[in-house]
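This report refers to the structure that appears directly beneath it.
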Amino acid sequence: MNSATSNFEVDATGVSPKQLHGVIPSLKLADGNEIPMLGYGLGTANYKSGAALDTISEPIIAATVTALNAGYLHLDGAEAYGNETELGRAIAQSKLPRSSLYITTKTTVRAGDTVTQAFNRSLEKLGLDYVDLYLLHSPFFANTPQELQQAWREMEKIKDSGMAKSIGVSNFLIEHLQTIFDIPGGLQYPPVVNQIEYHPYLQHVAEGQDLIAYCREKQIAIEAYSPLTAITKAAPGPVDPVYAKLAKKYGVSEAEVALRWCLDQGIVTLTTSSNEERLKGYLKKLPSFKLTPKEVEDIAAAGKEKHFRQFWTQKFDANDRR
């Protein structure tokens, strides 16, 4: 995957990336590191659980190698996906230089575990000396604010060790982020990423709270997973005609419009597919067009007419849009 030069850096403030034909830019994080704005996610379709955890999945390895061969150098994994070993084997099979890859993994902080134990286990499964980004997968493991703060202190030590270049969080609401910022004595390293489910039907604005605005104020980059939900899981819906109109205008697919909607808000975007041609198509088409600010707002406005959350539904009321 190509990355933009420093003259075209995007940052966590939400600035829309400049249009560079053939290039999907990187986003500069608050700690000075850069993250490619389009990544391949190993969750959802590649997720393993139950008895499958005891075996190595060759299809997952093959799908990940396919993504690497297609040009996806940003790979997003997690302990909870059950496939860190497969991710590591795909990286090894690709023969690509480690320095050319951007690897993320996450911990859910299992009962009885420390963050450090989980991190060391992940590195061993991945077969890597370091990761580019390490995330707390959710705040829901913590029974008290103090537990969450202690976990973050461990995250800071991992960054200090050099084995994680950047650290951040996933699925955190404003209240959880504020708990981290309220750590007694202050933060050594604030989170630089919040990876969340993000699409037109879940924009995280509710009850006077705007999660995206809060993150931008704190210089926390937004990373979107499940950006195609309005097409794949929540159709039919009010964004359908808007997507269709824009797809026709730009000569692209509705999925490419959906991905571009995230990118044009300065949001790092994750997608997945085992279809190499589809993956290559995203890399070819997404740099070739750019939505106007009005088109971005038209999609957002249509999306606000419906609410749909695909993940973590057990933690939220049906109408909770935070």
> Looking at residues at least two apart in the chain, or sitting in another chain, which of them share a salt bridge (charged side-chain N to carboxylate O under 4.0 Å, His left out) with Lys233?
Replying inline: none

Run the side-chain donor-acceptor check on residues 237-247: report pairs under 3.5 Å with partners two or more places apart or on a different chain.
from	atom 1	to	atom 2	distance (Å)
Asp240	OD2	Gly237	N	3.0

> Linking I/L/V/M/F/W/Y whenever any side-chain heavy atoms sit under 4.5 Å apart, do Ile91 and Met163 land together?
Replying inline: yes

> Judged by modelled atom types alone, do Tyr134 and Lys159 share a side-chain donor-acceptor pair under 3.5 Å?
Replying inline: no

> Hey, are Glu197 and Ser226 close enough side-chain-wise for a donor-acceptor pair under 3.5 Å?
Replying inline: no

>> Could you go through Val131 and Thr104, starting from their C-alpha distance and side-chain angles, then the distance that decides it, and tell me whether this counts as side chain to side chain contact (heavy atoms under 4.5 Å, CB included)?
In response: CA-CA 6 Å; Val131 295; Thr104 298; over 6 Å; no

> Considering only heavy atoms from C-beta outward, does the side chain of Leu291 approach that of Asp298 to under 4.5 Å?
Replying inline: no

>> Check whether Arg322 reaches the backbone of Leu173 with its side chain - one donor and one acceptor, N or O, closer than 3.5 Å.
In response: no

> Which pair of heavy atoms, one from Gly303 and one from Tyr201, lies closest together, and at what distance?
Replying inline: O-CD2, 3.4 Å

> For the side chain of Lys306 and the backbone of Pro236, is there at least one donor-acceptor N/O pair under 3.5 Å apart?
Replying inline: yes

> Are Trp261 and Tyr198 close enough that their ring centers fall under 6.0 Å?
Replying inline: yes

> Should Leu279 and Leu283 be regarded as members of a common hydrophobic cluster, given that ILVMFWY residues are connected when their side-chain heavy atoms come within less than 4.5 Å of each other, either directly or indirectly?
Replying inline: yes

>> Tell me whether Phe308 shares a hydrophobic cluster with Val205, the cluster being built from Ile, Leu, Val, Met, Phe, Trp, Tyr side chains joined at under 4.5 Å.
In response: no

> Hey, any chance Leu202 and Leu211 share a hydrophobic cluster, counting ILVMFWY side chains that come within less than 4.5 Å of each other, even indirectly?
Replying inline: no

> Can you tell if the side chain of Thr64 reaches within under 4.5 Å of the side chain of Glu86, non-hydrogen atoms only?
Replying inline: no

>> Check this for me, if you would: do Arg121 and Asp113 make a salt bridge, where the nitrogen-to-carboxylate-oxygen distance has to be below 4.0 angstrom?
In response: yes

> What pairs with Lys95 under salt bridge (charged side-chain N to carboxylate O under 4.0 Å, His left out), at least two apart in sequence or on another chain?
Replying inline: none

> Are Glu256 and Leu286 close enough, and set up right, to give a side chain to side chain contact (heavy atoms under 4.5 Å, CB included), and what steps lead you there?
Replying inline: CA-CA 6 Å; Glu256 286 155 353; Leu286 288 173; 4.2 Å; yes

> Any sub-3.5 Å donor-acceptor pair from Arg98's side-chain atoms to Tyr130's backbone N or O?
Replying inline: yes

> Would a distance-only check, ignoring hydrogens and angles, find a side-chain to backbone donor-acceptor pair under 3.5 Å from Trp152 to Tyr189?
Replying inline: yes

> So, the side chain of Gln203 versus the backbone of Pro200: is there a donor-acceptor pair under 3.5 Å, distance only?
Replying inline: yes

>> Is it the case that the side chain of Arg309 and the backbone of Asp320 share a donor-acceptor pair, with hydrogens and angles ignored and the cut-off at 3.5 Å?
In response: yes

> Asp317 side chain to Asn319 main-chain N or O, any donor-acceptor pair under 3.5 Å?
Replying inline: no

>> Between Ile24 and Val296, is there shared hydrophobic-cluster membership here, with clusters defined by ILVMFWY side-chain heavy atoms closer than 4.5 Å?
In response: yes

>> The test is side chain to side chain contact (heavy atoms under 4.5 Å, CB included); show your working for Leu228 and Thr271 and say whether it passes.
In response: CA-CA 8 Å; Leu228 303 181; Thr271 190; 4.0 Å; yes

> Quick check: does any side chain N or O of Glu79 sit under 3.5 Å from a backbone N or O of Thr105, one acting as donor and the other as acceptor?
Replying inline: no

> What is the minimum heavy-atom distance between Leu187 and Ile183, and which atoms define it?
Replying inline: CD2-CD1, 3.6 Å

>> A side-chain contact here means heavy atoms from C-beta on lying under 4.5 Å apart; do Leu136 and Val109 qualify?
In response: yes

>> If I take atom CG from residue Asn33 and atom CG from residue Leu27, how far apart are they, to the nearest 0.5 angstrom?
In response: 11.5 Å

> Are Leu101 and Leu75 side-chain neighbours, meaning at least one heavy-atom pair lies under 4.5 Å?
Replying inline: no

>> Taking the side chain as everything from C-beta on, heavy atoms only, tell me whether Phe140 gets closer than 4.5 Å to His176.
In response: yes

>> Rounded to the nearest 0.5 Å, what separates atom NE2 in His137 from atom CG in Asn171?
In response: 5.5 Å

> Atom CG in Asp182, atom CG in Leu148: separation rounded to 0.5 Å?
Replying inline: 11.0 Å

> Between CD1 of Ile196 and OG of Ser170, what distance do you get to the nearest 0.5 Å?
Replying inline: 8.5 Å

For residues 213-223, tabulate all N or O donor-acceptor pairs below 3.5 Å that involve a side-chain atom, not counting sequence neighbours.
from	atom 1	to	atom 2	distance (Å)
Tyr214	OH	Gln178	OE1	2.7
Arg216	NH2	Gln265	O	2.6
Glu223	OE1	Gln195	NE2	3.3

> How about Glu147: does its CD atom have over 12 heavy atoms from other parts shown lying under 6.0 Å from it?
Replying inline: yes

> What closest approach, in Å, do Thr66 and Glu276 show between heavy atoms, and which atom pair accounts for it?
Replying inline: CG2-CB, 3.4 Å

> Who pairs with Lys165 by salt bridge (charged side-chain N to carboxylate O under 4.0 Å, His left out), at least two apart in sequence or on another chain?
Replying inline: none

>> Nearest 0.5 angstrom please: Ser26 OG to His74 NE2, how far?
In response: 10.0 Å

> Considering all heavy atoms of both residues, which atom of Val192 and which atom of Ser166 are nearest to each other, and what is their separation?
Replying inline: CG2-CB, 3.9 Å

>> Can you confirm whether Tyr81 sits close enough to Leu87 that some side-chain heavy atom of one is under 4.5 Å from a side-chain heavy atom of the other?
In response: no

>> Give me the atom names and distance for the closest heavy-atom approach of Thr108 to Ala80.
In response: CG2-CB, 3.7 Å

> Does the pair Lys285 and Tyr250 meet the rule for a side chain to side chain contact (heavy atoms under 4.5 Å, CB included), with working shown?
Replying inline: CA-CA 10 Å; Lys285 291 290 187 68; Tyr250 291 110; over 6 Å; no

> Considering residues, nucleotides and ligands other than Arg89, do more than 12 of their heavy atoms fall under 6.0 Å from its CZ?
Replying inline: no

> Parallel, tilted or perpendicular: which describes the rings of Phe311 and Tyr225, with under 30° parallel and over 60° perpendicular?
Replying inline: perpendicular

> With a 4.5 Å limit on heavy-atom distance, are the side chains of Gln150 and Glu154 in contact?
Replying inline: yes

>> Minimum heavy-atom separation for Gln149 and Pro184, please, with both atom names.
In response: OE1-CD, 3.7 Å

> Between Thr272 and Tyr40, is any pair of side-chain heavy atoms under 4.5 Å apart?
Replying inline: yes

> What distance do Asp76 atom CG and Leu42 atom CG have between them, rounded to the nearest 0.5 Å?
Replying inline: 7.5 Å

> Can you name the salt bridge (charged side-chain N to carboxylate O under 4.0 Å, His left out) partners of Arg153, sequence neighbours left out?
Replying inline: Glu156

